[in-house]
J.: 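This is the structure, below, for whatever I ask next.
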Amino acid sequence: MQTHSADVIVVGAGLAGLVAAAELAGAGKTVCLLDQEGEQNLGGQAFWSFGGLFFVDSPEQRRLGIRDSRELARRDWMTTAAFDRAEDHWPRQWAEAYLDFAAGEKRAWLHGLGMRWFPAVGWAERGAAGASGPGNSVPRFHVTWGTGPGVLEPFERQVREFVRQGLIQLRFRHRVRGLNVTGGVVHGVHGDLLEPTAVARGERSSRVVVGDFDLHAQAVVVTSGGLGGNHELVRRYWPQERLGPAPAFMVSGVPQHVDGALQQAVQQAGAHLINPDRMWHYTEGLRNWNPVWANHGIRILPGPSSLWVDPGGRRLPFPHLPGASSLDTLQYITTHGHPYTWFVLNRAIIKREFALSGSEQNPDLTGRSLRQTLARAGKNVQAPVQAFMDRGADFVVRPNLKALAQGMNELIGNEALDFATLEREVLDRDLQLRNAAGKDPQLAVVRGARAILSERLIRVAKPAPLLDPADGPLIAVKLNILTRKSLGGLETDLHARVLRPGGEPMPGLYAAGEVAGFGGGGLHGYRALEGTFLGGCLFSGRVAGRRVAEAVD
């Protein structure tokens with residue numbers, strides 16, 4: 001039995017945990033920072049991210065002529081979140097606080113820590129269902145120079161400096177099994193010591209137990225992340241009444257150790273877990289041709305031009321467009337029982353509009369190479385995308401539409417795709433390009449996006465017929481559902497204190513990051529505006545660190 005002491009125990013060394021630990025140590029508190037994985041996984045899932053951050057009325061937006069405001073962002077957030085439950089009291093409060101942060105000191109705080117952003121602001125979750133529908137009215141997705149590792153860098157640097165000063169202890173391979181509670185007060189954690197591991201970041205590590213531990217502190221901050229790597233738990237919470245049955249096959253956007261186990265243990269200890277049925281899974285998942293973890297999925301970050309069709313070749317109805325409302329399109333796909341869908345496009349579109357989520361899929365931005373980043377505007381398809389075209393199990397590349405349809409059926413192993421249906425959909429779409437106007441709403445979205453300078457220059461292809469031989473070859477991409485984030489979580493008040501089902505705080509227990517729904521038990525409601533997951537970890541981790549520092553002696 002090992003026993004160590006500190007003022008505060010932080011469980012989970014991802015982004016929220018690093019921020020909370022740095023805030024605590026910066027206030028002079030001693031911290032024991034635990035994680036079940038090895039030191040090579042320091043930073044958790046943020047390391048693999050694209051590094052997108054949601055800012056409101058930023059200098060980057062203003063330079064592009066984008067007019068944003070706290071008022072517009074709030075309207076977008078609330079229509080997107082669609083809060084409708086009694087349990088949404090604290091999530092609403094956290095959403096308002098986060099909007100204040102995103103429109104206020106967030107950028108200046110991070111800029112002061114050395115963070116910088118790519119000048120072209122991305123337009124995620126564009127929304128296409130009208131002014132009162134979900135989605136971003138303007139581009140707000142600011143890609144960090146250095147992607148996910150660039151977001152982690154200043155906080156990892158702070159934590160390691162506090163380790164050197166003796167204020168933070170890093171304890172890896174500590175798997176927390178439960179809380180130590182006496183008289184209703186949380187004063188520590190206990191669990192298993194796992195054998196050392198040398199596997200690479202993200203790979204499955206050993207679960208061999210070599211001992212146990214029992215740690216005591218004045219407060220515990222849980223920052224253990226989500227559950228997207230645990231498909232059993234995803235299926236348990238899957239909201240069949242809203243989304244229909246969960247797909248039989250899904251790819252994993254996070255490693256297997258993102259299992260939600262500690263969240264379950266904290267709930268069993270008396271915490272209130274709310275909104276677990278609200279999840280954020282993507283419709284554009286690819287099987288990674290070079291996987292790091294089992295069933296490793298990569299998400300396409302699509303521009304708006306690809307033709308999206310169901311397994312039979314029928315176009316998905318408006319407003320289900322690439323890059324629009326992820327949840328609403330997920331709902332359409334799953335309630336119609338589609339096990340997969342397709343993007344149909346050509347080389348001109350894939351070159352301009354396909355980005356792949358993840359730091360490892362964007363070596364130019366991750367490596368902070370200006371030369372490589374400028375090459376995105378060149379003639380060639382980006383190397384990571386080309387690698388998927390050449391080796392990816394979900395790609396079909398053919399010279400004409402007849403051959404493409406045949407290849408799509410060969411990939412699936414049946415005759416589900418009807419060539420005549422697909423051909424009619426493509427020809428109908430292409431006929432609308434004879435004039436500057438037309439009645440195709442997807443093309444209207446494309447033209448509207450190109451009114452933004454950055455969208456026109458590097459992100460959205462000029463409208464053109466899919467069947468133009470000059471833009472070939474034709475490409476079909478099989479899209480799988482990809483598990484990623486849980487939007488619900490442990491209910492917390494604005495001090496990040498974990499609450500019981502009756503609304504009373506559990507003394508000594510705090511939570512931040514995805515385990516707390518990024519704040520309050522689900523500040524996103526049903527849908528996210530993107531760039532708000534890393535931001536939610538930053539904000540809730542900072543709140544937890546500062547409030548706990550005030551509360552302990």
Side-chain angles (χ1 to χ4, degrees), residues 45-46 48-54 117-118 120-128 135-136 138-148 150-151 251 253-254 280-288 296-308 320-327 329-330 341-343 345 349-366 373 376-377 381-389 392 394-395 442 445-446 449-450 452 454-461 475 477-485 527-535:
Q45 302 323 299
W48 301 103
S49 77
F50 197 25
L53 293 173
F54 176 96
W117 298 277
F118 191 59
V121 183
W123 200 347
E125 289 293 299
R126 298 169 185 263
N136 283 297
V138 297
R140 296 189 176 106
F141 191 81
H142 297 67
V143 177
T144 304
W145 191 234
T147 66
V151 175
V251 292
V254 293
W280 196 245
H281 304 315
Y282 292 110
T283 55
E284 315 97 335
L286 306 174
R287 290 171 286 177
N288 194 348
H296 187 174
I298 296 292
R299 187 208 172 193
I300 301 168
L301 301 173
S305 299
S306 296
L307 194 71
W308 202 341
H320 303 302
L321 309 177
S325 176
S326 294
L327 177 68
T329 302
L330 173 67
T341 54
W342 297 96
F343 277 168
L345 61 158
I349 292 174
I350 204 169
K351 173 192 167 301
R352 179 67 68 90
E353 296 197 6
F354 263 41
L356 300 173
S357 181
S359 56
E360 81 281 17
Q361 299 298 330
N362 295 275
D364 52 345
L365 295 168
T366 302
T373 301
R376 288 180 179 240
V381 175
Q382 294 177 52
V385 175
Q386 186 66 55
F388 270 88
M389 289 177 62
D394 295 311
F395 280 72
Q442 181 174 1
V445 170
V446 171
R450 285 176 58 84
I452 302 292
S454 57
E455 297 281 282
R456 183 169 68 253
L457 292 179
I458 66 171
R459 184 59 172 147
V460 180
I475 303 160
V477 186
K478 175 179 174 282
L479 306 176
N480 311 283
I481 303 304
L482 178 145
T483 65
R484 182 63 67 82
K485 301 292 183 185
R527 306 176 189 82
L529 288 175
E530 293 289 3
T532 56
F533 299 127
L534 293 179

J.: Could you tell me if Trp280 and Ser326 have a donor-acceptor pair between their side chains, going purely by distance under 3.5 Å?
T.: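 No.
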J.: Checking Trp48 now: which residues fulfil ring-ring contact (aromatic ring centres under 6.0 Å, His included) with it, not counting sequence neighbours?
T.: Trp293
J.: Any side-chain heavy atom of Leu301 within less than 4.5 Å of one from Arg459?
T.: yes
J.: How many angstroms lie between atom CG of Leu330 and atom CD1 of Ile481, to the nearest 0.5 angstrom?
T.: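 One gets 5.0 Å once the value is rounded to the nearest 0.5 Å.
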J.: Nearest 0.5 Å, please: how far is CD in Glu284 from CG in Asn480?
T.: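 One finds 11.0 Å between CG of Asn480 and CD of Glu284.
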J.: Would you mind reporting whether Ile452 and Val121 have side-chain heavy atoms less than 4.5 Å apart?
T.: no
J.: Under 4.5 Å between any side-chain heavy atoms of Leu365 and Thr373, yes or no?
T.: yes
J.: Identify the heavy atoms of Ala128 and Val445 that sit nearest to each other, and give their distance.
T.: CB-CG2, 4.4 Å
J.: Ignoring hydrogens, what is the shortest heavy-atom contact between Leu482 and Gly297? Give both atom names and the distance.
T.: CD1-C, 3.4 Å
J.: Would you say that Trp342 contacts Lys478 through its side chain, given a criterion of any heavy-atom pair below 4.5 Å between the two side chains?
T.: yes
J.: Relative to the ring of Phe388, is the ring of Phe395 parallel (under 30°), tilted (30 to 60°) or perpendicular (over 60°)?
T.: tilted
J.: So do the side chains of Val477 and Phe354 get within less than 4.5 Å of each other, counting heavy atoms only?
T.: yes
J.: Could you go through Leu479 and Trp308, starting from their C-alpha distance and side-chain angles, then the distance that decides it, and tell me whether this counts as side-chain contact (heavy atoms from CB on, under 4.5 Å)?
T.: CA-CA 10 Å; Leu479 306 176; Trp308 202 341; 3.5 Å; yes
J.: Please examine the side chains of Ser49 and Val151, heavy atoms only from C-beta on, and report whether any two atoms are closer than 4.5 Å.
T.: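 No. Closest side-chain heavy atoms not under 4.5 Å.
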J.: Looking at NE2 of His281 and NZ of Lys485, how far apart are the two atoms once the value is rounded to the nearest 0.5 Å?
T.: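 Atom-to-atom, His281:NE2 and Lys485:NZ are 11.5 Å apart.
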J.: Would you name the heavy atoms of Arg126 and Pro304 that are closest together and state the gap between them?
T.: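 Closest approach of Arg126 to Pro304: NH2-CD, 3.9 Å.
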J.: Judged by modelled atom types alone, do Thr366 and Glu360 share a side-chain donor-acceptor pair under 3.5 Å?
T.: no
J.: How close do Ser306 and Pro322 get, counting heavy atoms only, and between which atoms?
T.: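 Shortest heavy-atom separation between Ser306 and Pro322 comes out as O-CG, 3.4 Å.
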J.: side-chain contact (heavy atoms from CB on, under 4.5 Å) between Val460 and Arg352: does it pass, once the steps are laid out?
T.: CA-CA 6 Å; Val460 180; Arg352 179 67 68 90; 5.6 Å; no
J.: Which heavy atom of Pro302 sits nearest a heavy atom of Ile300, and at what distance?
T.: CD-O, 3.1 Å
J.: Within the distance-only criterion (no hydrogens, no angle test), does the side chain of Thr144 pair as donor or acceptor with the backbone N or O of Gly51 below 3.5 angstrom?
T.: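 Yes, because the side chain of Thr144 sits within donor-acceptor range (under 3.5 Å) of the backbone of Gly51.
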J.: Search all heavy atoms of Gly52 against all heavy atoms of Leu534 and return the closest pair with its distance.
T.: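 Closest approach of Gly52 to Leu534, heavy atoms only: O-CD1, 3.9 Å.
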J.: Out of the candidates Arg299, Arg140, Arg484, only one should pair with Glu530 under the salt bridge (charged side-chain N to carboxylate O under 4.0 Å, His left out) rule; please name it.
T.: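 With Glu530 as partner, salt bridge (charged side-chain N to carboxylate O under 4.0 Å, His left out) holds for just one option, Arg299.
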J.: Taking Asn288 for the side chain and Ile298 for the main chain, is one N or O donor matched with an acceptor at less than 3.5 Å?
T.: no
J.: May I ask you to test the Leu356-Val385 pair for a side-chain heavy-atom distance under 4.5 Å?
T.: yes
J.: As an exercise, state the distance from CG of Asp394 to CZ of Arg287, rounded to the nearest 0.5 Å.
T.: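 The distance works out to 4.0 Å.
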J.: Just do the side-chain contact (heavy atoms from CB on, under 4.5 Å) check on Leu345 and Ser305 with the steps written out, would you?
T.: CA-CA 8 Å; Leu345 61 158; Ser305 299; over 6 Å; no
J.: Using the rule given for side-chain contact (heavy atoms from CB on, under 4.5 Å), can you reason through Arg376 versus Ile458, listing the C-alpha separation, both sets of side-chain angles and the distance that settles it, and then say yes or no?
T.: CA-CA 8 Å; Arg376 288 180 179 240; Ile458 66 171; over 6 Å; no
J.: Evaluate the side-chain proximity of Thr341 to Thr283: yes if any heavy-atom separation is below 4.5 Å, no if none is.
T.: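 Thr283 does not reach Thr341 side chain to side chain.
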J.: Taking the six-membered ring for Trp, is the centroid-to-centroid distance between Trp123 and Phe141 below 6.0 Å?
T.: no
